[in-house]
Amino acid sequence: MKTAVNRFNPVQDPPGETARRPISKIGVLPQEQWSPDDPTVLYEVIVPHQVALPGWVEPSMRAVTEGTESTRTTSQTFGSRASAELPVLRAVRRLPPFPRPRERFMVLQQWEGTVVTVSGEEFIAVMRDLTNPSRPDEETTLPIDEVPESDRRLLVSGAVFYWSLGYKETLSGQRERVAALRFRRLPVWTSSDLRDLQRKADEYARLFGRSTPATGS
Amino acid sequence: MPEWRAEIAGATIVLLGHFNPKIFQPSWFDHHGLIRAEEAESAENLVSLPELTTFTTAWLSIQVTPDRFQASTIDPAHFEALRDLVLGTFTLLEHTPFDKMGMNREMHFKVLPEERYVEFGHFLVPKAPWHGVLTDPRTRSVTVQGFQTRGSEQVQLFVKVEPSVRVQFGVFVNTNEHYEFSGEGAGKRLMLALRNHWSEAQASAKRIAEHLLDQPYWS
Amino acid sequence: MPGSSADLHQPPVVDEIEVSLFGPGVGESAVVHLGGGDWIIVDSCVERTTGRPIALRYLEDLGVDVAKAIKLIVVTHWHDDHINGVAAILRAAQSARIACSAALRSEEFYKLIAASERAMMVSPGSAEFSAIFEILTKRAAPGVRPESVGPDWVQANRRLWQRQGSGPCPVDIFSLSPSAASMTLAFREFAQMLPQEGTTKRRLIAQTPNEVAVVLWIEAGDIRILLGADLENTCNPDTGWQAIVTSDARPTGLAHVFKVPHHGSANADHPDVWVTMLVINPHAVLTAFSRGHPLPTAADIERLKGRTPNAYCTTRATRADGGWAPPRRDAAVERTLKEVIRTRKALTGPMGHIRLRARHFTPDSIQVDLFNGAYRL
């Protein structure tokens, strides 16, 4: 069954489960933030182990229910029960990977860019076509405004980014052109990294030797 | 041949091993520069338990249990960012023990006209053997496993094809590329495989789908 | 002078020397036939459509057995545009030795290669070197001395390859660079590029002038060839072209064929090279470079025309910015590009090819053929 809120979800519902999808939730949200009919709860998560909710659980928290039965009304409220009376819950391993997406993206063209120079309000990058790798690389001048504020510190020579052009479509049917630029984010160099570099360099040196300028040998 | 463009697409990286879900908070990823500060601050659906951490950002969905780490996106513009996030995470957490990895793609393609869409199902699973025991047999789901070469290795692939429940007259194709190593350094080897083979895996997923859809079952 | 497509696939005869220079706008590769079916390859670039090195494709089209016929591969320096596809050539050319600048045989450079991998931001240059090292390590026979595993590490005034008895004529190949002083500068440059703890990971990009390129001097019969790589001038007389011109250890003689260094740029022009190392009106060949400030400039072209009437370039950009029109994409993409970007150019065009051949290794018989957009200056 295709529902409007699930229209962009790339994951298929297993056969027959849509009708039996449980509405239960993990009880970590304070009650004022959700209700059994809360449309903003986007997915159901069921803890895949036997768990006993700890005694410090807020009275307003609700329990996870078992299995795949539709259980709109079977969730229990923990009032002032002592921890010894908390039910042990068995669980079903099923973790839908995507929340109900509100938009979908159609990428028409994607490049991988390497920043060559940054100068004033613009930067120059060499762009490799990821959509059609047989096309020639391009040298492009882009305005710095295209770079999100939180990525500006990453804008240095040698930095790598992805630039994706296409459309975004919302559940309401609105379609807009988008150009999304995102710098590659990887951990900074750590001392462990640098030790690894030294180890690899030593390995190469053992295999291939080291030059000294005077002799070159 | 028409150019096939997925109406809806998703990518997921799954790792199986031993994880501490509590680590994987949005703030942790932000602290290490793996996501933007704004993305961490606006993370939604945050669930944080010793047995489970899950949250979503504009483009990312993370779910971690003690034996499974899963990162997903439905934004093709962020497929590379997804790879980088997993690579960066387990470069930092280099001692985390895990030994299996799956690279998954989900794609939904519209196949028109309707007669072509119906014929595709019959092409994938010929119905002759079912006549006599079923009336109006239809293809519900097909999964095929096989191998492809990645570098110098043979990698196991699982390909599932079903009618799409999202796209009218749509075909859903899911590919799962499975890696498994044992012993010390298995995690490091899996991250090397992710780094080296991610682009090829993405291209391969698309090629597999296009190859099936381009078969001459319809004229 | 312009060759026909039929001529393109005609291999040289056994006593015919050939120098073929390829270049599509970024990247270059020289393929040299030394007679007797012996070939060398100097630098590499790939065809965009196939991703394969043009040198391999050319030789295969000529019917050459690349596994046996390629004797030497020279990587003149580590910049991306000269090394793309070298590992594939080395894999195919199982009889070939590979030679690299000795300036790369340094802990600093090894760390840079390792850093590229570790940063997961591999550039073609570093990826090719990683692959070259891996191939050489696998090829090494068990128990062989470590010094024998690696490439031939080249520096100034060394013989790289020689053919004496067999073949139609004797051949000598010498390296004229890098000098010891250049190597010291290179080590310092590499050290400055090394990552520091706490800094962000980025791609390896060469920033400083090229002082460590391998310049080759080839003598085959009566013909002499000077392949200038990308070597540039510096203010230090112990480096760059000055060091070569003033060296008394280099081979004597005057070259008939000159691969003009660094795309004909003024930075790489040294008048004494033309006076003391080249015959009058040599055959000069060069590749174009379309990134950044394109080369050769109009002034470079005029200067080269003043030096020799026999100057040829592999490619001519179709636009004033030194590039080519980018391919058109989806209409929505084109609309966005028009709104957002300031400038844009494709960096490569057709793979131009200049071919020089001389029968019986006599300089007077040099024949020039131009293919796929190559032109005379």
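Within every chain, numbering begins at 1; the chains are lettered A, B, ... in the order of the sequence lines, protein sequences first and strands thereafter. Only heavy atoms go into these numbers, but all of them, side chains included; no hydrogens, no water, no symmetry mates.
Contacts with chain B (heavy atom to heavy atom, under 4.5 Å) involve these residues of residues 179-198 of chain A, listed by number: Leu181(A), Arg182(A), Arg184(A), Arg185(A), Leu186(A), Pro187(A), Ser192(A), Asp193(A), Asp196(A).
Lys206(B) NZ: 12 or fewer foreign heavy atoms inside a 6.0 Å radius. Counted within 6.0 Å of CD on Glu176(A), heavy atoms from surrounding residues, nucleotides or ligands total more than 12; the atom is thus considered enclosed. For Arg152(A), the CZ atom is densely surrounded, since the number of other residues' heavy atoms within 6.0 Å is greater than 12. By the 6.0 Å contact criterion, CZ on Arg195(B) is enclosed, its count of non-hydrogen atoms from other residues, nucleotides or ligands being greater than 12. In His122(B), the NE2 atom is crowded: over 12 heavy atoms of neighbouring residues, nucleotides or ligands sit closer than 6.0 Å.
Proximity to chain B is absent for every atom of Glu112(A), based on heavy atoms less than 4.5 angstrom apart. Of the two parts of Ser141(B), neither the backbone nor the side chain holds a non-hydrogen atom closer than 4.5 Å to a non-hydrogen atom of chain A. Using a 4.5 Å cut-off between heavy atoms, Arg105(B) does not touch chain A at all. Of the atoms belonging to Pro21(B), not a single heavy atom falls under 4.5 Å from chain A. Within the 4.5 angstrom heavy-atom criterion, only side-chain atoms of Glu94(B), from C-beta onward, approach chain A.
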Derivation of the side-chain contact (heavy atoms from CB on, under 4.5 Å) call for Leu130(A) and Phe79(B): CA-CA 12 Å; Leu130(A) 296 180; Phe79(B) 284 174; over 6 Å; no
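Minimum heavy-atom separation, Phe105(A) to Ile74(B): CD1-O, 4.2 Å.
No other option in Glu39(B), Arg36(B), Met107(B) has as many heavy-atom pairs under 4.5 Å with chain A as Arg36(B). Between chain A and the options His32(B), Arg5(B), His108(B), the largest number of non-hydrogen pairs under 4.5 Å is found for His108(B). Of the listed residues (Asp151(A), Val178(A), Leu108(A)), the greatest number of heavy-atom pairs within a distance under 4.5 Å of chain B belongs to Asp151(A). Options Ile35(B), Leu85(B), Asn174(B), Val14(B) differ in how many heavy-atom pairs under 4.5 Å they form with chain A, and the most are formed by Ile35(B).
Expressed to the nearest 0.5 Å, how far CE of Met106(A) lies from CG of Asp75(B) amounts to 12.5 Å.
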